Protein chains: 2
Amino acid sequence: MLHALSDPMRLRIVRELAAGSGDELSCSHFDLPVTKSTTTHHFRVLRESGVIRQVYRGTAKMNGLRRDDLDALFPGLLGALLAAADRQSTRLGVAGLNRPAREGGGRTGRVRPR
Amino acid sequence: MLHALSDPMRLRIVRELAAGSGDELSCSHFDLPVTKSTTTHHFRVLRESGVIRQVYRGTAKMNGLRRDDLDALFPGLLGALLAAADRQSTRLGVAGLNRPAREGGGRTGRVRPR
DNA sequence: CGACTCGTACGATAGCTGTCGTAGTACGGT
DNA sequence: ACCGTACTACGACAGCTATCGTACGAGTCG
């Protein structure tokens, strides 16, 4: 789980999910600066690490944060983590949630161009 | 920081540091199932991610958990994390802290043999 | 039906990283 | 002086993984 959450892109997804008042968002709701393939990859990692739940709801695939399960396993962890991410976000970037997440000096692969 | 803590070996180090009533332990106090080179590597990652503090105390190098700094930056995170690790530890392995950490099916490199 | 959108699967690629071994430095004991 | 301990630096290697592109199936709309 720590590994899953230690990627900026995935942490961003989780934060958006947690911020969403409703609890389920479609994959395409997220406007991530990566291709669809990569998005699928990240959602899979999150699902396989038990952080989110994915269900087909008619035509779209809804993603839900498994908050209760996580809280049962690791009480307080998710909350503290989200709070920490929020604090760091507001400390570094101005825009709250819209942090670039690995702007420029990414550590791996290309990000978008080509 | 999440990345630093998402490695079993490093989490183990941090847990031992946190468990130590005194706050500073020498590198060699830890009996990790890896070579000294790898140990140095992990300590460096922990130091560079700001989780621990290293000071030369005479001949030995003492490692201290930067608990207060971390708590200031991410209130409650470290506590929740350690608690979660403890719970998971007692759930999976019997021996509390002495979990093998990547026994057998490690994902990378060889572990010891050769 | 055809076109479009959403999401997946597969293969490729580059970079990170955990691990090791060997060699080196600093320091204290014999 | 010599050796042992503690730790680091550097190089090598294998595996993971974040990313991309392309191709594909499912479903919706004109």
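Residue numbers start from 1 in every chain, and the chains themselves are labelled A, B, ... in the order their sequence lines are given, proteins ahead of strands. These figures come from a predicted structure and were not determined experimentally. As a basis for the values below, the full set of heavy atoms in this structure was taken, side chains included, without hydrogen atoms, waters or symmetry mates.
Taking the nucleotide of DNA chain C with the nearest heavy atom to each of Q54(A) and H42(B), the more 5' of the two is matched to Q54(A).
With dT8(D), dG18(C), dC20(C) as the candidates, the nucleotide lying closest to the side chain of D7(B) is dG18(C). The T40(B) side chain lies nearest to dC7(D) when the options are dA18(D), dC7(D), dT19(C). Across dG21(D), dT8(D), dA18(D), the shortest atom-to-atom separation from the side chain of R10(A) is found for dA18(D).
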Can you give each donor-acceptor pair under 3.5 Å made by side-chain atoms of residues 69-85 of chain B, sequence neighbours left out, with the distance rounded to 0.1 Å?
{"from": "D69(B)", "atom 1": "OD2", "to": "R66(B)", "atom 2": "NE", "distance (Å)": "3.0"}
{"from": "D69(B)", "atom 1": "OD2", "to": "R66(B)", "atom 2": "NH2", "distance (Å)": "3.1"}

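Residue pairs meeting the salt bridge (Lys or Arg N to Asp or Glu O under 4.0 Å) criterion with at least one member in residues 25-46 of chain A, sequence neighbours excluded, do not occur.
Residue K61(A) places none of its side-chain N or O atoms closer than 4.0 Å to OP1 or OP2 of dA26(D). Proximity of T38(A) to the phosphate of dC20(D): a side-chain N or O atom is located under 4.0 Å from OP1 or OP2. Taking only side-chain nitrogens and oxygens, S37(B) never comes nearer than 4.0 Å to OP1 or OP2 of dG21(C). The side chain of H3(B) places an N or O atom within less than 4.0 Å of a non-bridging phosphate oxygen (OP1 or OP2) of dT17(C).
Contact annotation for H41(B): base contact, defined as any heavy-atom pair under 4.0 Å involving a base atom.
Put simply, CD on E48(A) is 10 Å from P on dT17(D), counting in whole angstrom units. Separating the NZ atom of K36(A) from the C1' atom of dC6(C) is a distance of 6 Å, rounded to the nearest angstrom.
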